[in-house]
Engineer: 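Could you have a look at this structure, given as structure tokens, before my questions?
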Amino acid sequence: MVCQEITSLDMPELLPYSQLSERQLLHYKEPELGLFVAESPNVIKRALEAGYRPVSFLIEKTQLSGAIAEALAEVPDTPVYTSEKDVLEKITGYSMTRGVLSLMRRKPLPDSEKLCRPMHRIAVLEDVMNPTNVGAIFRSAAALGVEAVLLTKGCSDPLYRRSARVSMGTVFQIPWAWLEADDWMAQLHSCGFATAAMALCEDSLPLDAPLLNEIPQLAIVLGTEGDGLKSSTIAQCDYTVRIPMSNGVDSLNVAAASAVAFWQLCRQH
């Protein structure tokens with residue numbers, strides 16, 4: 001372990017933790033792939049298992065011999081910057097979950113069409129902007145049988161710190177890709193997928209409609225917080241699907257709705 005005590009808040013090695021936004025890290029040293037910050041031992045461990053390479057670690061002194069120790073042993077030449085909790089909070093501007101961060105290098109993402117073509121059940125996120133919701137959807141996808149997640153450019157980045165943390169590191173386990181083309185619905189159809197829009201419409205099928213589980217390849221399409229899917233997206237989908245509600249509740253948060261939909265539509269595949 002290459003451990004270094006933090007002697008100044010202005011150490012240049014700490015710049016990515018203290019002064020660069022997540023969007024700036026994404027474009028850091030272009031044309032390289034950019035960086036991201038992973039938070040908590042569990043998230044960092046899953047990132048390492050998925051082949052992500054750490055640049056450095058930022059760790060509270062009290063955590064050096066804790067849950068992160070095993071991960072540190074796997075990358076012994078990676079610098080570890082350490083100090084007391086209050087010092088690290090001054091650097092980052094927030095309280096670190098389990099007192100551990102790691103700056104990591106991004107990896108190339110797969111082509112969305114090549115990724116989804118052999119799959120049976122995938123999720124498509126249209127403009128889901130809240131990183132907490134993105135992370136929660138990935139966690140449900142991993143737990144409930146979704147094989148891949150595709151995201152439009154309006155979505156929050158799954159590797160943003162909060163998304164990855166809320167996902168419990170499953171963003172590193174579930175294959176995902178950005179949908180680059182504007183006609184992404186046509187791309188899904190060309191790959192053999194039927195598309196199911198999760199939306200409240202008069203002609204919606206109930207989620208437990210038997211024919212939905214009989215579809216060999218199904219893309220479950222979920223929309224942004226508040227407004228839901230675009231009307232043009234719903235119109236292009238093969239099916240519109242609703243979750244039956246009780247007690248006057250008209251809808252669920254997109255993350256909660258995703259868990260219900262994934263359980264019903266993926267459990268037999």
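This one's a predicted model, so the numbers in the text were calculated from it and none came from an experiment. Basis for what follows: all heavy atoms, side chains included, without hydrogens, waters or symmetry-related copies.
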Engineer: List, one per line, each side-chain donor-acceptor pair under 3.5 Å for residues 209-217, sequence neighbours excluded.
Structural biologist:
residue, atom, partner, partner atom, Å
Q217, NE2, R117, O, 3.0
Q217, NE2, M119, O, 2.8

Engineer: Looking at G223 and V254, what are the two nearest heavy atoms and their distance?
Structural biologist: O-CG2, 3.4 Å
Engineer: What do you reckon, is NZ of K107 surrounded by more than 12 foreign heavy atoms closer than 6.0 Å?
Structural biologist: yes
Engineer: Taking only distance into account, with no hydrogens and no angle test, what donor-acceptor pairs under 3.5 Å do side-chain atoms of residues 190-200 form with protein atoms, sequence neighbours excluded?
Structural biologist:
residue, atom, partner, partner atom, Å
S190, OG, Q187, O, 2.7
T195, OG1, H189, NE2, 3.3
T195, OG1, D238, N, 3.1
T195, OG1, D238, OD2, 3.1

Engineer: Tell me, please, which residues at least two apart from R267 pass side-chain hydrogen bond (donor to acceptor under 3.5 Å, both in side chains).
Structural biologist: Q264
Engineer: Between R161 and A38 (side chain of the first, backbone of the second, donor and acceptor by atom type, cut-off under 3.5 Å), is there such a pair?
Structural biologist: no
Engineer: Passes side chain to side chain contact (heavy atoms under 4.5 Å, CB included), V43 versus M168? Steps please.
Structural biologist: CA-CA 6 Å; V43 171; M168 296 296 289; 5.7 Å; no
Engineer: Please tabulate, one pair per line, all N/O donor-acceptor pairs under 3.5 Å involving side-chain atoms of residues 48-70, not counting sequence neighbours.
Structural biologist:
residue, atom, partner, partner atom, Å
S56, OG, Y17, OH, 2.8
K61, NZ, E5, OE1, 3.1
K61, NZ, E5, OE2, 3.1

Engineer: List the atom of N253, the atom of A255, and the distance in Å for their closest heavy-atom pair.
Structural biologist: OD1-N, 2.7 Å
Engineer: Check whether more than 12 heavy atoms from other residues, nucleotides or ligands sit under 6.0 Å from atom CZ of R162, and answer yes or no.
Structural biologist: no
Engineer: To check you understand the geometry: which heavy-atom pair defines the closest contact between P12 and P16, and what is its length?
Structural biologist: O-CD, 4.2 Å
Engineer: OG of S167 to OH of Y160: how many Å apart, nearest 0.5 Å?
Structural biologist: 15.5 Å
Engineer: Just jot down the side-chain hydrogen bond (donor to acceptor under 3.5 Å, both in side chains) partners of N42, sequence neighbours excluded, or say none.
Structural biologist: none
Engineer: Which heavy-atom pair separates Y94 from E89 by the least distance, and what is that distance?
Structural biologist: O-CG, 3.6 Å
Engineer: Which pair of heavy atoms, one from E225 and one from N133, lies closest together, and at what distance?
Structural biologist: OE2-ND2, 3.0 Å
Engineer: Rounded to the nearest 0.5 Å, what separates atom CG in L101 from atom CD in E39?
Structural biologist: 5.5 Å
Engineer: In this structure, are over 12 heavy atoms from other groups packed under 6.0 Å from D203 atom CG?
Structural biologist: yes
Engineer: Could you list the donor-acceptor pairs under 3.5 angstrom formed between side-chain atoms of residues 139-155 and any protein atom two or more places apart in sequence or on another chain?
Structural biologist:
residue, atom, partner, partner atom, Å
S140, OG, A136, O, 3.3
E147, OE1, H120, N, 2.6
E147, OE1, R121, N, 2.6
T152, OG1, D127, N, 2.9
T152, OG1, D127, OD1, 2.8

Engineer: If every non-hydrogen atom of V134 is compared with every non-hydrogen atom of S163, which pair is closest and at what distance?
Structural biologist: CB-OG, 4.0 Å
